[in-house]
Amino acid sequence: MKGEENPAEDALILLRSRIWDSNFVFTPFYDSPDSNYSKLKFMISSSITEACNNSALLLGPRGSGKMAVLGLVIRDLLEEHVDMISVIRLNGRLHSDDNCAVKEIARQLCVEHQLLFSKMASFDDNSQFMVAMLRECGLAHKTIIFVLDEFEFFTQGKQRLLYSLLDAMQSVTSQAVVIGVSCRLDADQLLEKRVRSRFSHRKLLFLPPSKEDLPRLFKHILSLPLDMSLPPDYAAEFNAKLHCLKHILADERFKEIINALLNSDSTVEHLLRFLFHAVCQMDLESGFLSLDNFRTAMSSIQRQPKMEYLQDAFEHLVQRELIGFMDNRGNNQPIEFRAVKLLISSHELYQGLESYRSCPAILRKLVDQ
């Protein structure tokens with residue numbers, strides 16, 4: 001059946017695309033002046049319009065929307081201040097080494113300003129280039145926004161990157177904003193004294209949505225629009241079944257499912273994963289969400305393996321010398337981000353799986369391919 005003949009298919013596509021669109025998900029939280037979006041946008045926009053330097057930390061558990069909100073703020077500011085902003089993005093898991101980080105900053109600045117990048121440049125050369133670019137952009141009234149995700153990894157070692165960056169921002173001519181993003185609430189305490197003295201100590205705390213916020217969030221994500229290509233009668237009935245008294249969102253059994261979900265993980269990311277599973281279970285024949293869809297989604301979420309179990313399995317493969325690291329250059333990085341290689345041949349792998357009577361069929365199928 002074609003999508004135009006069955007509006008449920010179009011509704012399914014719309015709902016799934018919404019769930020993974022951070023621009024859409026966080027829209028209900030824009031309007032409050034006390035929201036992190038409003039505070040962060042005001043801070044960065046002030047730096048742009050007043051030609052001053054700034055720094056801040058975005059702190060909160062993983063999946064609480066720190067990078068999503070920051071992305072929305074940067075997107076809106078790029079539209080409002082055309083050709084007045086450059087954005088440099090680093091990740092502590094990839095760029096915790098000071099040499100690597102400064103080189104990546106130099107590379108992104110060269111790309112942004114259409115300059116030639118030298119791979120052979122030293123740390124001092126790249127640092128001097130970064131300082132020079134800060135000065136030139138400041139004179140041109142252009143703000144450079146440095147986004148340091150996984151900020152706690154940049155505090156390891158001598159913190160030369162953070163010191164060089166924050167020290168360069170002490171210049172009258174520079175115009176930059178440093179935004180650190182971390183799941184550690186004590187990230188600012190990891191800074192050395194010389195670095196901490198140059199940091200502005202602004203912190204925004206990101207918390208999971210409260211139980212009072214959830215109904216508004218669910219209604220925003222799951223309600224169908226009445227002014228789009230979907231048949232108005234279908235959209236109205238879909239919304240009525242979802243929100244009306246004695247229907248899904250008001251059902252006590254639904255509230256029990258949500259409470260169980262929040263008890264295990266109350267972050268936005270976890271909630272969105274749950275909603276995505278529920279929407280994918282929607283019956284296209286009836287065209288409506290049911291309580292069973294949310295029950296099935298909850299069961300599916302609970303069956304998913306925890307990351308720590310996967311980490312243990314990965315380390316077990318390394319210890320058994322079935323896989324090995326490609327090189328020793330990433331010793332200061334978490335092992336899950338280091339490149340690995342298979343230390344046995346495909347024939348040996350096939351023989352091992354064949355001799356294992358309890359081997360899952362899907363593994364044999366993958367090897368056969």
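One is the number of the first residue; the rest follow in order along the sequence. This is a predicted model, so every value here is computed, not measured.
- Salt bridge status for E192 with R160: absent, with no side-chain N to carboxylate O gap under 4.0 Å.
- Side chains of D124 and S127: no donor on one and acceptor on the other come within 3.5 Å.
- Ring pair F117/F129: centre-to-centre distance not below 6.0 Å.
- Screening residues 114-123 for salt bridge (charged side-chain N to carboxylate O under 4.0 Å, His left out) gives no qualifying pairs among residues at least two apart or on separate chains.
- In this structure, the side-chain contact (heavy atoms from CB on, under 4.5 Å) partners of L291, at least two apart in sequence or on a different chain, are D251, R253, F254, I257, R295.
- Note that SG of C183 and CG of L58 are 12.5 Å apart. Values are rounded to the nearest 0.5 Å.
- The local environment of CG in D83 is sparse, with at most 12 non-hydrogen atoms from other residues, nucleotides or ligands closer than 6.0 Å.
- The side-chain contact (heavy atoms from CB on, under 4.5 Å) search around R196 returns L191, H201, not counting sequence neighbours.
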Task: Stepwise side-chain hydrogen bond (donor to acceptor under 3.5 Å, both in side chains) check, Q351 with H347 - done: CA-CA 6 Å; Q351 283 186 322; H347 179 67; 3.2 Å; yes
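- A search for side-chain contact (heavy atoms from CB on, under 4.5 Å) contacts involving V279 returns L12, L15, R16, I19, L222, not counting sequence neighbours.
- A pairwise comparison of heavy atoms in F154 and L90 identifies CZ-CB, 3.7 Å as the closest pair.
- Taking the six-membered ring where the residue is Trp, the centroids of F24 and H220 are separated by under 6.0 Å.
- Annotation: side-chain hydrogen bond (donor to acceptor under 3.5 Å, both in side chains) contacts involving residues 176-191, sequence neighbours excluded, comprise E152-S182, R184-D186, D188-K203.
- Remark: R89 engages no residue in a salt bridge (charged side-chain N to carboxylate O under 4.0 Å, His left out) (not counting sequence neighbours).
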